[in-house]
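Structure record follows, encoded as C-alpha cells.
Every chain is numbered from 1, with letters handed out A, B, ... down the list of sequences. All values derive from a computational prediction rather than experimental measurement.
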Amino acid sequence: MSTRSGSTEELVVRGARVLDPCSELDALLDVRLSGGRVAEIGECLRGVRELDADGLHLFPGFVDVHAHWRTPGREDEEDIESGSAAAAAGGFTGVVMMPNTDPVIDRPAVLGGLVRRIERESGVRAYVAAALHEGLKGERLTEMRLLKEAGAFCVSDDGLGTQNAGVLRNAMLYAKTAGLPVILHCEDHTLATGVIHEGIASALAGVPGSPASAEDAATATALILAAETGARVHITHVSTALSAALVGFFKRQADVTADTTPHHLTLTDDLIGSLEGMWRVNPPLRPEEDRAGVREALGNGTLDFVATDHAPHASEEKELPLEEAAPGFLGHETAFAALYTELVLGGKLSLRRLVEAMSCAPGRWVGGLGSISAGAPADLALVDLSEEWTVSERNLASRSRNSPYLGKKLTGRIVGTIVGGELVHDRIGAAFGVRA
Amino acid sequence: MSLENVTREELQEILDLAGDSAGGRLEQPLEGKTICLAFFEPSTRTSASFELAARRAGADVVSLSREGSSIVKGESLVDTVVTLSNLGMDALVIRHKAAGAASLAARYTEAAVINAGDGCGQHPTQALLDLYALSEALGGFDELAGRKAAIVGDILHSRVARSVIPAFHTAGMEVALVAPDTLLPQESGAWNLSVMDSVDAALEWGAEILYLLRLQKERMTGARVPSVGEYARYYGVNRSHLRPGLLIMHPGPVNRGVEIVGDVVLDGSSLIPNQVAAGLAVRTAVLALAAGATQKVAA
C-alpha cells in the first residue's frame, strides 16, 4: 500500500548524474516530477521549482524488503516515524515491515490498524508483511486471504524458520491461493543451537556456534518445496556461499528470489573476537569464504538484491555478553555507504550493479518501483558519492544505536530522498535552492 | 467399483431403473437374494439407505459392522470376504477406509461387489443419486448436458469428488473445481478441469450447480485452511449467492455455517433433501442390477 498520494507540485531536479540500470540511463540529465510521478527526463528542463543537483548522483529510490520497525510493541526501539526517517536518511523510498512485533501481525484487525497508522505516520512507502503462521509458530496458517484484504503485502514468519516441512509446504500452497509472496527466514532450529557462526572464531572464543548447515539445510528444503508447489518464494538474508549456490540451482525451476544483507557482504566473524554483544546477529556473521561467496552471488545476480534486515535494539539489549545480547543491526542509514565504500570503491562490485541491487531489483519485486522513467512513481535518492562521513550515534535518525558501522568512516552519502515527488529527507536543506 | 469407465447409456439405464423403483414398478426384485452389508467404517446415511433398499426389495440382509465382527479380532479384509462368500451371498456392499478395498474384495468372491465408499477413492452410489436428484430437478437426464457445475471444497480427500467428477462429465456437464491449493491434489490438472479460488469466481464463470463438499474442520483448520471464518468467506455459500436457476448440492453431513449458512440448507434452491431421498431409489436399482446379473456390475 502506498503511503503517498504524491505531491501535486512540479519539481525539476537539474543537472544530476542520473543512473538507472533499469531504464539504461547513465548521463547528466534533468528530471521533471509532476503529480507524484516522473513526468519527463531530458536536457535543459526548467520549472517553477528547481532543485540544483549539480555534482550529485540521482538513483531510483532504494527499496528495502526486510525491516523491523518494532511497531506495535517496542516503540522505544523504533516506531513508524523514526523507522521511516531512518529509511529516508538511507535513500530508501520503499520498505517492507516484518510482522514479529508485539502483538504479532497475524490477524486482519491488527494488520488493518497498522496499515492505517502507516498512512498517517510514514514518510516513505511502507508495506506490511503479515505472519505466515499464527504467532509465527509454524503451526497454524494465518487468515492470509483476509489479511490480504486488510492490506497485507506478503507473508513471513521472519525471525524464525518453519521447522516442519509439511507445514511449510501447506503454507506455500495456501499463500499461492491467496496470491501473496512468501518471505522465508531459513533456519533449522535443531542445528542452530548457538549464537554465532560455528567456526574458528567460535572455537577460539568459547561461545556456542551454530553451523552453516542450520541455514543451508533449511534453505534447501524451502527451495525444493518452492519448486514443487509453484509458490512465489523469497529467501531473505542469505549468508553462506552454499545457500547462495542452492538459490542459483533452483532459479530455473522455482519462482524464487533471494537477498543478502549489507553486513553479510561487508563484515566477517573475526569481529566476534571482542565478545561484544553488538556483533550478535541472525544469521550470524560468517567467515571470509562465505562473505566472498555472497558477494560473488550478488554480483552475478544469483542473489537478486540487497535487503538490510534493519533491526533496532535498545542499548540494554545489546550491551551484554554475546550469549545474552539480542540479535540484529540497524541497516537503513548505512546500507548504501557501506556497500559503496567496501564493494564499489573496493573494486568488488560495479556502481551500476549496486544501484540495480538496491533499487531496480527489489523495486520490481515489490512491483512498479525502482526505476526513473516517465510515468514511474517519483521516488528518488540524491547521493553525493564524494562525501566522507563517520557513522556516529549523533547522526542516526533511528531511535536505536546498534549500527555495526559506528565509528567507521564511509564514503558516499544520501543528501536527499524524494517519495512521490516530495522531499522527505533533506540533509542540506536550503543549500538545495528549492525556490518557489 | 468406480464410475470412471461407465458410459452414458449405462448411467441412463441405472437412473431409469431407479425411476422404476421410485415409481413402485419394481416388485420385490431381490426376492430370494442375500445381501451382505459390510461396513468396515462408520456410516449413517449410506448404510441405512442400502439396508432399507435391500429389505424393501425382498432380500435377506446380513449387516456387519466393524465392532460386531471378526474384523476387530484382526481378520483381514480378504479372509472376511472369503468367509462371507462361502456363506452364499449374492451381493456384498462394502465401505472401507482404504481406496481400492472393494476392488480387492471382488477378486476373492463370485458375489457381486458394490462399492459403498472406499477411503478417498470412490463413492459411486453417491454420484448416481446425485445424478438422479439432478435429473428429477431439471426434468430428465438429458437436461444435464451442457450445465455448469462447480465442485467446491476438499477435493483432495474426497471420494465423493472422485465419483462425481466422472459422473457429471459423462452426463455431459461442464465441471470446475473450487478450492485452495491446500485442498487440491498436487496435480489438480489430472481431470483437466479449470480451478477457481472462490464461490464468487464460480458464479462469475456461470455455475448453475454448486456441489459443496464436507470440510473435516477438526482435521483441516490450521493445517490446510486457516479458519472456519476464512473458509466460509471464500468457499461457503450464503443467501447472497442464491439466484434463480442456481442449485445447491451437498453429500452430507453438512457443517452449517461452514459450507453453507444454515437457512440455505433447506432453501428452495437446495437439492440436499432430494439427494438423501434419491439414495433409496438409486441403491435399490444398483442392488437389483448387481444381484440379478450374472456378471459383476460395476456400480
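What you find for B:A223 and A:L141 is that their closest heavy atoms are O-CD1, 3.5 Å. The shortest heavy-atom contact between A:N170 and B:T182 is O-CG2, 3.2 Å. Across every non-hydrogen atom of A:Y174 and B:R224, the tightest pair is CD1-O, 3.6 Å. The two atoms that bring A:L146 and B:R233 nearest to each other are CD2-CG, 3.9 Å, heavy atoms only.
Identified under the side chain to side chain donor-acceptor pair (under 3.5 Å) test for residues 133-142 of chain A, with sequence neighbours left out: A:H133-A:D157.
Without hydrogens or angle criteria, B:E230 side chain to A:R145 main chain gives a donor-acceptor distance under 3.5 Å.
Proximity to chain A among residues 190-216 of chain B is limited to B:D197, B:S198, judged by heavy-atom separations below 4.5 angstrom.
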